[in-house]
*Asks:* 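What follows is a single structure, and I will ask about it in a moment.
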Amino acid sequence: MRVMVVGSGGREHAIIKKLKESAEITELYALPGNAGIAKDAQCVGVAADDIPGMVDFAVKNKIGFAVVAPDDPLVMGMVDALEAIGVPCFGPEKKAAEIEGSKVFSKGLMKKYGIPTADYEVFDDPSKAFEYIKGKNTYPTVIKADGLAKGKGVIIAADEFEAREAIRSIMEDRKFGESGAHVVVEEFLTGPEVSVLAFTDGKTVKPMISSMDHKRARDNDEGLNTGGMGTIAPNPYYTPDIEKICMEKIFLPTVNAMNAEGRTFKGCLYFGLMLTPQGPKVIEYNCRFGDPEAQVTLPLLKSDLFTIMKAVRYGTLEETEVVNDRGAACCVIMASDGYPAEYKTGYPVIIDKDLDAEVFFAGVKEADGRLVTSGGRVLGVTVTAPTLREAIDTAYVEARKIRFENAYYRRDIGKRALEAKR
Ligand code: AMP
Ligand code: GLY
């Protein structure tokens, strides 16, 4: 079968490497992919959000199955467009992708169906939002743009001044565009964060191994929020007891709520959880695999990914195995120094021949026959091992075998997780 994967980051590279293990796939395409992905799939220059371009490619190339991985095309309705011309897809339809596309929608869903999350109010008027925050006078307070904002639409305001600035930048200056037409103001929660990526066909929920992202740019969770600077799996805070609570109180209720709303979700549903003193609560939903969560969860998935993706599409997940490895994994993101703000690119990426790790490429391109940096997050180095400590230590040994000018990576990926284990 001829399969296409939409997207161009490290997550898409991890999906593609896993799909390559499936004997059923004869041709694998990445649209647009990147110069690093080109070793594992045929890259085609169609932008990830170009719906007519994707439809055209799928028809001309007799694509038998499509995987739509990034949030933007899902929220725009790329799955609906491909399914409409008879291409079966892995990924939610537009009305189900709304669970990530609108925080006003997802918070309303949780309230209506009693799914635990932070208390909140929605505003479309900046002065009303600010009056509400002033009246409450509890800090820090959390202010979120309604729509997609490349993972940057969440501001944690420490005091009244920062809250006023946050409202101004999101709602008046429209720093995140139309995403800021509405804001969600919510209660600040505390506790360890856990990411759980779960396959669902709208009936059955089968999670992959839990993971922990590291969102801030610098060590000790300092610096700006990024797309994610590294991940580990499994997340040691996510015990079997907590897993049971999450399945009963969060995962299944969410899938059922989406069905009740006529928005059946099929694909990978990402639960961003916080383990608060009152129990696990939802911080956010994503309608897709996380990046860089996919770079640790997929290498630890023992079952055939393509078989699972088809089961999700055709509603047969219940009888399909999703077996996770008992080991651990660590992914260290190597970035261009300065990311997520300004950074320089165009530097050759040099990898030692004896590298013993998986490399998932993100911000790279080809120039004069060489691989050079072209983005903020350049690549992820993933190591799997029997224990978390071994995975982390080895990931850092292997990362030193990859060099490019201006390279930057956090030195403390997994540190908190190891502390939790003590
Ligand atoms: P999000 O983009 O929704 O994942 O939010 C980015 C980060 O902001 C999360 O990973 C949390 O660390 C933090 N965050 C979001 N909402 C809350 C909240 N209600 N309380 C505390 N921290 C939060
Ligand atoms: N790593 C967080 C995300 O993919 O949204």
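All ligand and atom numbering here is 1-based and tracks the order in the structure. Owing to the predicted nature of the structure, the values given are computational and were not obtained by experimental measurement. Keep in mind that the numbers below use all heavy atoms, side chains included, and drop hydrogens, waters and symmetry copies.
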*Asks:* Given side chain to side chain contact (heavy atoms under 4.5 Å, CB included), test Val104 with Val184 step by step and report yes or no.
*Replies:* CA-CA 7 Å; Val104 173; Val184 170; 4.2 Å; yes
*Asks:* Would you mind listing each N/O atom of ligand 1 next to any protein N/O under 3.5 Å, plus the distance?
*Replies:*
unit_1	atom_1	unit_2	atom_2	d
ligand 1	4 (O)	Lys215	NZ	3.4
ligand 1	4 (O)	Glu284	OE1	3.4
ligand 1	4 (O)	Glu284	OE2	2.9
ligand 1	10 (O)	Glu193	OE1	2.7
ligand 1	10 (O)	Lys215	NZ	3.3
ligand 1	12 (O)	Glu193	OE1	3.4
ligand 1	12 (O)	Glu193	OE2	2.4
ligand 1	16 (N)	Lys144	NZ	3.1
ligand 1	19 (N)	Glu186	OE2	2.8
ligand 1	19 (N)	Glu187	O	2.9
ligand 1	20 (N)	Leu189	N	2.8

*Asks:* Run the ring-centre check on Phe271 versus Phe251 and record whether the distance is less than 6.0 Å.
*Replies:* yes
*Asks:* Taking side chain as C-beta onward, heavy atoms only, is Phe105 less than 4.5 Å from Tyr285?
*Replies:* no
*Asks:* Is there any protein N/O under 3.5 Å from an N/O of ligand 2, and what does the full list of such pairs look like?
*Replies:*
unit_1	atom_1	unit_2	atom_2	d
ligand 2	1 (N)	Asp213	OD2	2.9
ligand 2	1 (N)	Gly227	O	3.3
ligand 2	1 (N)	Asp291	O	3.0
ligand 2	1 (N)	Glu293	OE1	2.8
ligand 2	1 (N)	Glu293	OE2	3.4
ligand 2	4 (O)	Arg288	NH1	3.1
ligand 2	4 (O)	Asp291	N	3.0
ligand 2	5 (O)	Asn286	ND2	3.2
ligand 2	5 (O)	Arg288	NH2	2.9

*Asks:* Between Phe306 and Phe65, is the ring centre distance below 6.0 Å?
*Replies:*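 Yes: the rings meet the under 6.0 Å criterion.
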*Asks:* Are Lys20 and Asp40 within salt-bridge range, i.e. N to O under 4.0 Å?
*Replies:*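 Salt bridge: yes.
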*Asks:* Check whether any side-chain heavy atom of Tyr113 lies under 4.5 Å from a side-chain heavy atom of Met258, and answer yes or no.
*Replies:* no
*Asks:* What I'd like to find out is whether the side chain of Asn286 reaches to under 4.5 Å of the side chain of Asp71, using heavy atoms alone.
*Replies:* no
*Asks:* Between Glu419 and Arg416 (salt bridge meaning N to carboxylate O under 4.0 Å), is one present in this structure?
*Replies:* no
*Asks:* Using only heavy-atom distances, determine whether the side chains of Asp213 and Thr231 contain a donor-acceptor pair under 3.5 Å.
*Replies:* no
